[in-house]
Each structure stands twice: as structure tokens, then as C-alpha cells.
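One structure below.
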Amino acid sequence: MAPSTSSVITLTINGEKHTLPVDHRTTLLDALREQLDLTGTKKGCDQGQCGACTVLIDGRRAVSCLQLAVAAEGREVTTIEGVAEGDELHPVQQAFLDLDGYQCGYCTPGQICSALAVLEEHSAGWPSAATADVRPEAGPPPLSPEEIRERMSGNLCRCGAYVSIVQAVARAAEARTAGTEEALA
């Protein structure tokens with residue numbers, strides 16, 4: 001007897017558990033869009049090159065078109081639909097809105113999820129290819145426009161809103177730093 005090519009899995013998406021049958025070849029992107037009706041995550045190139053389908057898996061960014069849905073079982077997946085707190089936009093979302101970090105908006109969900117990961121990676125001290133001093137004792141480098149561009153380079157924008165995207169990520173980083181300083185005071 002041939003082994004089954006499908007399974008019933010439980011995915012935790014934006015804090016909610018969803019049980020669904022999937023073919024083992026189903027990508028996380030297709031499960032999100034076609035089975036769970038979470039259409040904020042966009043299908044761009046379907047080859048992992050454009051970043052439109054970026055989601056967070058256990059807090060780290062991943063292109064969902066290359067992630068199998070069965071491999072996401074037992075992990076926490078955050079899509080653009082899970083970023084805001086109720087009606088309150090996340091500071092990254094607000095910065096994109098305030099600074100026109102979008103044009104047509106197609107890439108924006110992936111850009112925002114990637115920006116969230118960028119802020120986490122930076123605050124954890126992870127260097128990028130643009131980081132001049134990668135020694136751990138050097139601490140996080142300044143989040144300069146060059147750092148932001150390098151860290152966001154996996155996300156493409158056909159409209160060319162890159163200047164505004166970089167400004168939005170910088171503003172969100174400043175808001176995060178200000179919030180941390182307020183919490184310490």
C-alpha cells in the first residue's frame with residue numbers, strides 16, 4: 001500500500017489554532033490563502049525571490065511560498081493579519097502609513113513582516129552584510145539607511161517605494177527605542 005500524500009495538520013496562525021487537511025506538497029502560502037482565507041500574504045514570484053509572501057515563523061521571517069505547510073505545524077506563524085493589536089496599528093504599520101511606505105500595496109504585507117524581523121534582529125545585535133564592526137562586543141550598529149536597505153533587501157517593491165520604506169523602518173526603530181527608554185525611566 002502506498003503511503004498517504006496528505007495529512008490533517010494543526011497550524012497556529014496569529015495565535016489561533018486551525019486544523020486542516022493538506023497535501024504534503026502544499027506550501028504555507030497556499031494553505032494561508034486558499035484554505036484559511038488569510039489573503040494579506042501575497043503570492044508574488046512563487047520562487048522565494050520577491051518577499052511578497054513573507055511571514056514570521058516563531059518570530060523569524062520566512063518566505064511562505066518555500067515553506068511547506070506540514071513543516072509549520074507546531075510553530076507560531078504570524079501573518080500581516082496578526083500584526084495589529086485590535087484596531088491599534090503596530091508602530092511599523094503606522095510608520096508605513098504615515099510615510100507612504102507603499103504605492104500599490106501589493107508588497108506591503110511582506111515588507112511590514114520583514115521590517116518587524118529587521119527590528120528584532122537588529123536589537124539582538126545580529127550583523128548584516130552592511131555592518132562594519134561585527135564583533136559581539138561592538139553591539140548593534142546604528143540602524144542607518146544602508147543597514148535598513150541591506151536588511152530589507154529580500155523584499156522587492158515594483159513601484160519603487162524604497163525611500164519611503166527605509167524611512168518607515170527607521171521611524172519604527174526610533175519609536176521602539178523611545179518606548180524602551182520610557183519603560184526604563
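We use all heavy atoms of the structure for the numbers below, so side chains are in, but hydrogens, waters and symmetry mates are not. The first residue in the sequence is number 1, and the count goes up from there.
Scanning for salt bridge (charged side-chain N to carboxylate O under 4.0 Å, His left out) contacts around E85 gives an empty result, with sequence neighbours left out. Listed by chain and number, the residues in a side chain to side chain donor-acceptor pair (under 3.5 Å) with E137 are R135 (sequence neighbours excluded).
The CD atom of E121 lies 10.5 Å from the CG atom of L116; values are rounded to the nearest 0.5 Å. Rounded to the nearest 0.5 angstrom, Q93 CD and C113 SG are separated by 8.5 Å. Taking OG1 of T78 as the start and CD1 of I57 as the end, the distance is 9.5 Å to the nearest 0.5 Å. Between I80 atom CD1 and C53 atom SG the span is 13.0 Å, to the nearest 0.5 Å. Here CD of E16 is found 7.5 Å from CG of N14. Values are rounded to the nearest 0.5 Å. In this structure, N155 CG and Q49 CD are separated by 13.0 Å, a value rounded to the nearest 0.5 Å.
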side-chain hydrogen bond (donor to acceptor under 3.5 Å, both in side chains) between R33 and T39, worked out: CA-CA 5 Å; R33 292 184 58 79; T39 57; 4.9 Å; no
side-chain contact (heavy atoms from CB on, under 4.5 Å) between Y162 and L156, worked out: CA-CA 9 Å; Y162 296 113; L156 303 179; 4.0 Å; yes
Check against side-chain contact (heavy atoms from CB on, under 4.5 Å), S7 and H24: CA-CA 7 Å; S7 298; H24 292 161; 2.5 Å; yes
Check against side-chain contact (heavy atoms from CB on, under 4.5 Å), S123 and R176: CA-CA 10 Å; S123 67; R176 180 183 180 133; 3.4 Å; yes
Evaluation steps, side-chain contact (heavy atoms from CB on, under 4.5 Å), between V8 and L20: CA-CA 5 Å; V8 175; L20 58 148; over 6 Å; no
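A donor-acceptor pair under 3.5 Å is formed between the side chain of T27 and the backbone N or O of D30. Side-chain atoms of S164 come within 3.5 Å of backbone atoms of L99 as a donor-acceptor pair (strictly under, hydrogens ignored). The closest donor-acceptor contact from the side chain of Q111 to the backbone of I165 lies at 3.5 Å or more, if one exists at all. Of the possible polar contacts, one joining the H122 side chain to the P141 backbone as a donor-acceptor pair under 3.5 Å is found. Between the T12 side chain and the G15 main chain, no donor and acceptor come within less than 3.5 Å of each other. Judged by distance alone, with hydrogens and angles left aside, the side-chain atoms of S128 form a donor-acceptor pair with the main-chain N or O of A130 at under 3.5 Å. In terms of modelled atom types and a separation under 3.5 Å, the side chain of Y106 and the main chain of K43 share a donor-acceptor contact. Checked by atom type and distance alone, the side chain of E147 never pairs as donor or acceptor with a backbone atom of S144 at under 3.5 Å. Under the 3.5 Å distance criterion, the side-chain polar atoms of S153 are matched with a main-chain donor or acceptor of E150. Judged by distance alone, with hydrogens and angles left aside, the side-chain atoms of S4 form a donor-acceptor pair with the main-chain N or O of S6 at under 3.5 Å.
The shortest distance between side-chain heavy atoms of L29 and E34 does not fall below 4.5 Å. Taking the side chain as every heavy atom from C-beta outward, R151 and L119 never approach each other to under 4.5 Å. Contact annotation: the side chain of T19 never approaches that of I9 to less than 4.5 Å [non-hydrogen atoms, C-beta and beyond]. When side chains are defined from C-beta on, Q67 counts as touching R75, because their heavy atoms get closer than 4.5 Å. Within the 4.5 Å cutoff, the side chain of L28 has heavy atoms near those of the L11 side chain. Considering only heavy atoms from C-beta on, I13 comes within 4.5 Å of T79 through its side chain. Within the 4.5 Å cutoff, the side chain of Q35 has heavy atoms near those of the V22 side chain. You'll find the side chain of L89 stays beyond 4.5 Å of the side chain of V83, heavy atoms only.
Ion pairing between R149 and E146 holds under the 4.0 Å rule for side-chain N and carboxylate O. The residues R60 and E120 are annotated as not salt-bridged, no charged nitrogen and carboxylate oxygen being separated by less than 4.0 angstrom.
Cluster annotation: F96 and V118 are assigned to the same hydrophobic cluster (Ile/Leu/Val/Met/Phe/Trp/Tyr, side-chain heavy-atom contacts under 4.5 Å, transitive). No single ILVMFWY cluster, assembled from side-chain heavy atoms under 4.5 Å apart, contains both L32 and V63. Put simply, L36 and L56 are part of two different groups of oily side chains (I, L, V, M, F, W, Y) that touch within less than 4.5 Å, one to the next. Under a hydrophobic-cluster definition in which Ile, Leu, Val, Met, Phe, Trp and Tyr are linked whenever side-chain heavy atoms come within less than 4.5 Å, directly or via other members, L143 and V92 are assigned to the same cluster.
The nearest pair of heavy atoms linking L66 to G48 is CD1-CA, 3.6 Å.
Defined by atom type and a distance below 3.5 Å, a donor-acceptor pair is missing between the side-chain atoms of K17 and T10. Using a 3.5 Å distance cut-off with no hydrogens or angles, the side chains of S114 and R61 do pair a donor with an acceptor.
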